Number of protein chains: 2
Amino acid sequence: MIQSIDRAAKILGLLQGSRRMGITEMAAALDLPPSTVHGIVKSLQSHGLVAQQPSGNRYVLGPALLKLSSVYLDTLDVRARSMRWMHELSSRTGLASRLGVELFGEVIVIHHNRRPDGSEQMPETGVTIPSHASAMGKVLLAYDAAHAADVLSRPLIALTAETTTEPDRMREEFERIRQEALGFENEEAVIGEASVAAPICSDEGEVIAAIAVVLPATEWPPSDMVISDLREAARNVSRELGAPTWPRPIAAADPTDIQ
Amino acid sequence: MIQSIDRAAKILGLLQGSRRMGITEMAAALDLPPSTVHGIVKSLQSHGLVAQQPSGNRYVLGPALLKLSSVYLDTLDVRARSMRWMHELSSRTGLASRLGVELFGEVIVIHHNRRPDGSEQMPETGVTIPSHASAMGKVLLAYDAAHAADVLSRPLIALTAETTTEPDRMREEFERIRQEALGFENEEAVIGEASVAAPICSDEGEVIAAIAVVLPATEWPPSDMVISDLREAARNVSRELGAPTWPRPIAAADPTDIQ
DNA sequence: AAGGCGATTCGACAATGTCGAATCTAACAC
DNA sequence: GTGTTAGATTCGACATTGTCGAATCGCCTT
């Protein structure tokens, strides 16, 4: 591992968390001398990854990141193939839909279809949610033993009073997810919001993404029709990706109770 | 400048351009030994900035970039303040609208309002266009002498038969842009597409972004109503940002004819 | 005008990044 | 099934670079 690249990435991570920071502030956060941080920041700045605010004493993330992430999204075969099915899923169910992949114990939304009721909604692409508190995240954890072991090795944070935080209950939930190829979450991440998710399988049979519909907690549980449409969308996307089967066979699923 | 961070950024740039590349291919492109590239890529991968494809021999940009760019967009005060006015601009004119900032001789779209006709349109946030071939880009160049000098010091590339590529004509156009606080482009970037842009000023009176409406070339030139609405939106956003005046006084504009 | 704080610059030197050689892995041809 | 090829990956010697302390600069406050 190259230390200076590691440091540079940590600086990006700091600016991601705190939005605007000065050199001395970043140095304190990373326990490094200001001149060291200054050199790294100037290098990042020369590539547009970081920018200095006009007032001159604080730094922010830079526009080059937007271009890189635009290409990242374009690269995603799973996203390209999901968009049409998600559009249809939202049209049929009247609900918002999300596609997510794993990122360091969280699930990040790589595609979002708004609820088709004409109301004003925030675009969610780029939003992250802790995996343990999200239907998509639970699905991704259920089919990835190593990832689950890692996440469950640290205390699970409660985002609401409903968030499941006991590892044993999570493992039971993973077992059920693998049996039904469905993950559920009711007000575990956001009060008033629930979601149900299904796995997306690749041509190698691996679960590489999860697709979800989002519904108001007042409409919980999701109707049979919503669940049927969700499974249909997941199956269709997986098939387009060349998955041999959907859902992935239980025997092929790695159990998450490896200690 | 830190060489290893520079190299890491170049690797991200390669993957941005070529989408998927192997270690040996990147090494050839950068004129570096494969083991050097491998070390850098593994560092980037550990932070989610790069990912290895399941087949194992090619690399792509990683999901952490999406999260970073999501925060980048959230950080942008100019974007937050423009969204409502752009929504109104698109509603009143029936045209798509874009907000852009400068990135290495290009203009990158940081907010996009679709044309409100219900048709299916690609989201454009993250898209880049060479500044010289874009109304927004020309506006940004017109108010930034150093940037303009840099762009005009290299040959301008024609994207269509209509693209202006002569530096003297560009300078004349910049002069006119500063006088009218408006930039125009008809089929210079994309056949069939035209745009008109206005500058967005900061509280320090600097032009920090440009706002544009996009119209079909068949509707060229834009009507007086469209131009009026665009200026109104630009003035309103600038005012919200604390700009002392709009448009920025001509005397304060740095001439771009510095050789 | 002086003081304080943070950004920035500079250059000596220690630590790290580089990269050649070797090994590993997977795909392909026979 | 075996051998070949090409690319990924690992390892460690060593030269180059990144680090960082000291000094300076710039801006804001008093």
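Every chain is numbered from 1, with letters handed out A, B, ... down the list of sequences. Only this structure's heavy atoms are used, side chains among them; waters, hydrogens and symmetry mates stay out. Note that this is a predicted model, so its numbers are computed, not measured.
- Sorted by first and then second residue, the salt bridge (charged side-chain N to carboxylate O under 4.0 Å, His left out) pairs involving residues 123-134 of chain A (not counting sequence neighbours) are A:R98-A:E124.
- Residues forming a side-chain hydrogen bond (donor to acceptor under 3.5 Å, both in side chains) with A:D77 (at least two apart in sequence, or on another chain): A:R81.
- Qualifying side-chain contact (heavy atoms from CB on, under 4.5 Å) partners for B:A198, counting only residues two or more places apart in sequence or in other chains: B:L182, B:I211, B:L230, B:A234, B:W246.
- Every residue two or more places apart in sequence or in another chain that forms a side-chain contact (heavy atoms from CB on, under 4.5 Å) with B:V207 is listed here: B:L140, B:Y143, B:P199, B:C201, B:R248.
- Ion pairing between a basic and an acidic side chain is recognised when a charged N comes within 4.0 Å of a carboxylate O; A:E240 and A:R235 show no such pairing.
- Taking a 4.0 Å limit (strictly below) on heavy-atom distances, residues 11-19 of chain B does not reach DNA chain D anywhere.
- If you measure from atom CZ of B:R58 to atom P of D:dA6, you get 18 Å, rounded to the nearest angstrom.
- With sequence neighbours excluded, the residues forming a side-chain contact (heavy atoms from CB on, under 4.5 Å) with B:R7 are B:Q3, B:L32, B:T36, B:I40, listed by chain and number.
- Partners of B:K67 by salt bridge (Lys or Arg N to Asp or Glu O under 4.0 Å), not counting sequence neighbours, listed by chain and number: A:E106.
- Here the P atom of nucleotide C:dA7 and the CD1 atom of A:I23 are 6 Å apart, to the nearest Å.
- What separates CE of A:M21 from P of C:dG6 is a distance of 13 Å, to the nearest Å.
- Panel note: side chain B:R20, backbone A:T75; a donor-acceptor pair is recorded below 3.5 Å.
- In this structure, the side-chain contact (heavy atoms from CB on, under 4.5 Å) partners of A:D6, at least two apart in sequence or on a different chain, are A:K10, B:H47.
- Between A:Y59 and C:dT8 there is a side-chain polar atom (N or O) within less than 4.0 angstrom of OP1 or OP2.
- The rotation axes computed at either terminus of the helix from C:dA1-D:dT30 to C:dC30-D:dG1 lie 50° apart, taking five pairs at each end and rounding to 10 degrees.
- Atom pair A:E204:CD and C:dA26:P shows a separation of 12 Å (rounding to whole Å applied).
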### Query
For every nucleotide of nucleotides 10-30 of chain D, 5' to 3': is a protein heavy atom under 4.0 Å from its base (B), only from its sugar-phosphate (S), or from neither (-)?
B------SSSBB---------

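- For A:Q52, no side-chain nitrogen or oxygen approaches OP1 or OP2 of C:dG6 to under 4.0 Å.
- Counting to the nearest Å, the C1' atom of D:dT9 and the CD atom of B:Q45 are 12 Å from each other.
- Pairs passing the salt bridge (charged side-chain N to carboxylate O under 4.0 Å, His left out) check and including a residue from residues 130-140 of chain A, sequence neighbours excluded, read A:K138-A:E173, A:K138-A:E188.
- For the salt bridge (Lys or Arg N to Asp or Glu O under 4.0 Å) test, no residue two or more places apart in sequence or in another chain qualifies with A:D74.
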